[in-house]
Each structure stands twice: as structure tokens, then as C-alpha cells.
Engineer: 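This is the structure I have questions about; it appears just below.
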There are 2 protein chains.
Amino acid sequence: MAVSLNERSSAELKVRKQRAPNSPPRGAPDRHAGQATRNSEIVYRDLRDAIVDVTLTPGTPLVEKEITERYGISRTPVREAILRLAEEQLVDVIPKSGTFVARIPVAVLHEAIVARKALEEACVREATAKASKSQIMELRAIIQREYELCASGDEQAFHDADNAFHAGVAAASGYPGIWSMIEKIRLQVERYRRLTLPQTGRMALIVAEHASVLDAIERGDAEAAVAAMNNHLNKLQIDIGTFRDLWPDYFLFDKK
Amino acid sequence: MAVSLNERSSAELKVRKQRAPNSPPRGAPDRHAGQATRNSEIVYRDLRDAIVDVTLTPGTPLVEKEITERYGISRTPVREAILRLAEEQLVDVIPKSGTFVARIPVAVLHEAIVARKALEEACVREATAKASKSQIMELRAIIQREYELCASGDEQAFHDADNAFHAGVAAASGYPGIWSMIEKIRLQVERYRRLTLPQTGRMALIVAEHASVLDAIERGDAEAAVAAMNNHLNKLQIDIGTFRDLWPDYFLFDKK
DNA sequence: TATGCATAACTAGTATACAAGATATTTTAC
DNA sequence: GTAAAATATCTTGTATACTAGTTATGCATA
């Protein structure tokens, strides 16, 4: 390829010292998509997971130096991880003072559920029109896995399968990217869910609800599919009142 | 050593070297919300705006050192800004190689429009039910401003007012946070819009469409409001075919 | 001239040192 | 004894030096 002159204009060829403008490397443009082994990525993932499953409770101070020592790395990648979390409003960083696990903003919580319902409704409606046979079979397989995990009682795996179902519906709708939007939204809601719901005995109900969504999709009944999905997601509805007294420090009530 | 005993429990007092756990500073918990003057924030904003209004075209290399010299600051804040852009998929950073303004992903573009419509539909429906008189008056004022800006032909200001209208609808719905979600989604679509539409003569149409949305909201006709909003947003629909040939390097066609 | 390889120049990733502000502690004044 | 001021010790923000990998360049070789 060194030999093969590509068809570019001579104007672009004139720039020799620098990389030719407007030409990202042709060879590996988004290999970067593969999981990065960057330290900041590891720290980010660990911290995010710990915050989401409430291992790190709201208000807990996050000291860069401490994390630095735990991982045996320098402050730079730790700092990058914390900045990402700050953007997702999972931590509050107060300049020159400290960084803390953010309290759960109840206003955002409510809006997140509304937004999720709106997005999933669009997905399920489109999936009803466009889902291929193979996609439906995949969804059926996920439901079967949920059924099995429900029997074995593996909550974590069940939860993963639950998400896989929703992601699968988004994929079947031709809007896989919308699921990644939902996942971002889901972070805050998930913190609440983990904090409040023991979730015992609800697994069987979820499986049934997923099945009724898929049934409607399969028979092409868009309105029924939407209704079933909305009914399913309505179970997320939060009742914050109870917890206002229990853990007042975990929540942020006043909208900023 | 501690002369002034505060009223804290002895359990908490045992931790002396560290700040007491689970206690973010009471005084200024979210003063951080005020606009930060951090250098990284300034660089981020400048770069983001330049990318969104296509001053920086897709594929343009972003050299940290160069930005460093332009602003007279060190690499650290520049790097933080670039990392934020990478998360929003506005730049691609290829380790040890280079950072480039991301090409516009057409698949994401399409999904972004679908998502926006879904979210705005939820907002406008709820706004019809909940909008206060004052909120409706504010929206009416925004439309009037649009009318005036349309006459004076100030595209940038009109565009801002356009956004203000949609934000106002979200506020009236009681879901102001959903507008910030939409704004994130809007970034990619905006790049496309700036690139393709001269947008001349469309301003008057937009004003009329906004007015018809607000009229429906005011008379409490949710379905009409939703229909008007969808009609309005449908104008965003993209026709990528034309531009595939014009600027093939600006777009990313294959879904990763 | 064409091809492969060594080398130089560049990039982003990381480590570390220092600066600036906030908080906690101690000292001092009354 | 109380309160206010001085000080020490935290924190995050920034600058800079260094590391490691990538890309371009030029030279040797056929």
C-alpha cells in the first residue's frame, strides 16, 4: 500500500510532515471498540458497578489516593474514571474538597422511568412490525433461560437475562442503539431498585410479563405489545415516601 | 486533643484521621452546580461546539499538544475535555496513535430521531395535562420571539429559541430532565443538520408548527398536540442518500 | 526501480510533583 | 470557658516528565 497511490487529490498530498488532514487511519478506525484494557476503564467499571449495586452507599467519600493505592496505579487514570462517573451524575466532585457518591435524585428517578417507558414503547411497537423469525426465536430462548434461572434462584443471572430480553426487543426493532440510551438512564433507577427491592418471588411474574410481550409481538399485535410492555415497566414505579424516613441521606429530594 | 466535642456519636468519633463516613459537607453540597470555571470545561465546550457546527469536520485530527499551545494550558485539562467528547462519540481516540473528529454515524442518526420523537411525545402529552397558565404564557412568548427572529433573519438566535421552545414544553410537562436527555441525543443530529440544511425559509414554517403544538396544549387536546409535535419533528427526517456521494468521508455507514 | 527493514518522529497513556483551596485542628485572646 | 484566629493537613486541579505503542521516513538491498 506504500506503493499504491490512492486516488487523492494532489492538494492533500502536499501536506507531508503532518498526517494528511481529514484522513483517519484507514486500517483500524474503530478497533478501539474492542474492550479497552486501559486502567481508567477498569477503575470506572468497578466503581460504577459498586455504586449501582449500592455497595458504595450515597455520601461515601471517594478518595483518589486511596483508590490509587488499592489498584497500584497513579492518580491520572483514577481521576479519569471519577470524571466519567461525575458526568453520569453517579458522584459529586467538589473542587479542592472531595468526591462523594451522589445521592439518588428522586426527581431524576421519576423522569428516568417515564423516559424509559417512552423509548421502550417505540422499540416494542417497531419490533412488532419488523422482528424477524430468528429474532423472535432468540427472545423466546431468553425467556426460557429466565424461566430456568427463576427456578434455580440465581438473582444476578436472572437480572442479566432480564436486561438481555429488553436489549433483544430493541435489536428486533432495528434500534439497538436505543437500548444503550436506556442503559444509561437505567443506572440511577437501578441504584434505587437494588436499595429497596429484595425482589423475591417477583422473578416468576417478570417471566410471565416478558412472555406476554413476546406473544403480542409474535402475533403482530402492536397495541397489545405496547400495553404489555407498559404494564411490565409500571412495576418499576417508585414509592419514595417510605424510604424518605428510612434513609433520608441516600436521596436528594429537592430538584436543584 | 479535641477540645471542642461536637455532638457526634462516639462511634463516628473513632474515625479520626479520615472524614466521618457518609457525611458529605453539609455546607455546600451542590454548589458545584454553578458553572465551573475549570479549564477542561472551557476546552470541552469550545471543541464540542466546533464539532457540532461542523467547523471541525469529521476526520480532522485533534492534536492534544496543539490545543495545549492554543490555550496556554497543560495536557491534563485538554485530555479531560477530549475524553468527554470520546464518551459522547464526537471524537474517536485511537490509543498511541491519534484522536479524530468522529464521522457521523448514520445508524445512530436515525435512532436518535426516533428516540427524540418518543421522548418529546411523552413530554407534550404530559404537558397538555399539567401545563400551568404561566408556562403556557412563557411558551407563547418564545413563539413570539421566534416570529421576530424569523423576521430579522438571525439564524443562530432563532435556533436557540427553537430549542428553548422544546425545553419549555419539557418543563411544562414536569420532566425538565428529559430535555437534557434529548439535548445529548441532539448533538449528532445537529451535526448532520448543520452540514446539510441551509435552512432558509424554513423558519416561518417552524414557528407555525410550534404554534400549532402550543394551541393544542392550551386547549387540552393531547392527541392533537402529539400529532402536531410529531409532524414538526418529522421534518428532521434525514435523506442520507444524497450525501453519501457528496461527502462519503463524513459519514459512517456500517453499523459497527 | 521496487521491496523489505531499521530507525526516527510522533501519538496517547501513565506517573509524579506541585499549586490552590477547603476543612479540621490547634492555638491564642478575652 | 468560649470564640475567633492561626495553622496544619487534608482534598482536588494542573503542569510536566516519562513510557510505550504507532506511523511515517529513509536506507539498504535485490
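Within every chain, numbering begins at 1; the chains are lettered A, B, ... in the order of the sequence lines, protein sequences first and strands thereafter. Bear in mind that the values here come from a model prediction, so they are computed numbers and not experimental data.
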Engineer: Taking N or O atoms only and anything under 3.5 Å, show me the protein contacts with nucleotides 19-21 of chain D, one pair per line.
Structural biologist:
residue	atom	partner	partner atom	Å
D:dG21	N2	B:K96	O	3.4

Engineer: Could you list the residues that satisfy side chain to side chain donor-acceptor pair (under 3.5 Å) with B:S134, not counting sequence neighbours?
Structural biologist: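 Here the qualifying residues are B:S132.
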Engineer: State which residues pass side chain to side chain contact (heavy atoms under 4.5 Å, CB included) with B:R84; sequence neighbours excluded, sorted by chain then number.
Structural biologist: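 Applying side chain to side chain contact (heavy atoms under 4.5 Å, CB included) to B:R84 gives A:E87, B:E41, B:Y44.
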Engineer: Return the value, rounded to whole Å, for the distance between atom CD of A:E41 and atom P of C:dA12.
Structural biologist: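 To the nearest whole Å, that distance equals 18 Å.
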Engineer: Just jot down the side chain to side chain donor-acceptor pair (under 3.5 Å) partners of A:D49, sequence neighbours excluded, or say none.
Structural biologist: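 By the side chain to side chain donor-acceptor pair (under 3.5 Å) rule, A:D49 matches no residue at all.
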Engineer: Output a table of nitrogen or oxygen pairs between the protein and nucleotides 5-7 of chain C separated by less than 3.5 Å.
Structural biologist:
none

Engineer: Strictly by salt bridge (charged side-chain N to carboxylate O under 4.0 Å, His left out), give each pair with a member in residues 166-186 of chain A just once, sequence neighbours left out.
Structural biologist: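 Found A:R186-A:E190.
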Engineer: Under a 3.5 Å distance rule, please check whether A:Q188 uses its side chain to pair with a backbone N or O of A:Q89 as donor and acceptor.
Structural biologist: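 Pair found, side chain donor or acceptor close to backbone of A:Q89.
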Engineer: Take the protein atom CD1 of B:I94 and the nucleotide atom C1' of D:dT22, then report the distance between them rounded to whole Å.
Structural biologist: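 Interatomic distance, CD1 of B:I94 to C1' of D:dT22: 10 Å.
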Engineer: Name all residues meeting the salt bridge (charged side-chain N to carboxylate O under 4.0 Å, His left out) criterion together with A:E126; count only those two or more places apart in sequence or in a different chain, and write none if there are none.
Structural biologist: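 With sequence neighbours excluded, A:E126 shows a salt bridge (charged side-chain N to carboxylate O under 4.0 Å, His left out) to A:K130, given in chain and number order.
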Engineer: From CD of A:E66 over to P of D:dT11, roughly how many Å is that when rounded to an integer?
Structural biologist: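 So the two atoms are 9 Å apart, to the nearest Å.
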Engineer: Within residues 73-84 of chain B, which residues have any heavy atom lying less than 4.0 Å from an atom of DNA chain D?
Structural biologist: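 Close to the strand are B:I73, B:S74, B:R75, B:T76, B:P77.
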Engineer: Return the set of residues passing side chain to side chain contact (heavy atoms under 4.5 Å, CB included) with B:D160 (not counting sequence neighbours), or none when no residue passes.
Structural biologist: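 Side chain to side chain contact (heavy atoms under 4.5 Å, CB included) check on B:D160 returns B:Q156.
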Engineer: Using side chain to side chain contact (heavy atoms under 4.5 Å, CB included) as the criterion, list what pairs up with B:E64, not counting sequence neighbours.
Structural biologist: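 Expected list: B:R75, B:V78, B:R79, B:I82.
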Engineer: OP1 or OP2 of C:dG13 sitting under 4.0 Å from any side-chain N/O of A:S40?
Structural biologist: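 Result: no.
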Engineer: I'd like to check the side chain to side chain contact (heavy atoms under 4.5 Å, CB included) partners of B:S180; sequence neighbours left out, ordered by chain and number.
Structural biologist: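 Result, side chain to side chain contact (heavy atoms under 4.5 Å, CB included) vs B:S180: none returned.
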Engineer: Would a distance-only check, ignoring hydrogens and angles, find a side-chain to backbone donor-acceptor pair under 3.5 Å from B:T60 to B:T57?
Structural biologist: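 Present.
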Engineer: For B:T55, what residues pass the side chain to side chain donor-acceptor pair (under 3.5 Å) criterion, not counting sequence neighbours?
Structural biologist: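 Partners of B:T55 by the side chain to side chain donor-acceptor pair (under 3.5 Å) criterion, ordered by chain and then number, come out as B:D53.
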Engineer: Nearest whole Å is fine: how far is C:dT14 C1' from A:Y71 OH?
Structural biologist: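 Atom OH in A:Y71 sits about 17 Å away from atom C1' in C:dT14.
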Engineer: So, is B:N39 near the phosphate of D:dT14, with a side-chain N or O under 4.0 Å from OP1 or OP2?
Structural biologist: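 Checking B:N39 against D:dT14: at least one side-chain N or O falls below 4.0 Å of OP1 or OP2.
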Engineer: Would you kindly give the CD1-to-C1' distance between A:I67 and C:dA15, to the nearest whole Å?
Structural biologist: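 Between C1' of C:dA15 and CD1 of A:I67: 17 Å.
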Engineer: Expressed in angstrom and rounded to an integer, what is the separation of B:I42 atom CD1 from D:dT14 atom C1'?
Structural biologist: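 Answer to the nearest Å: 13 Å.
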Engineer: Send over the distance from A:Y44 OH to C:dT14 C1', rounded to a whole Å.
Structural biologist: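 For the pair A:Y44 OH and C:dT14 C1', the rounded distance is 21 Å.
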Engineer: How long is the line joining CD of B:E64 and P of D:dA15, in whole Å?
Structural biologist: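 After rounding, the gap between these two atoms is 13 Å.
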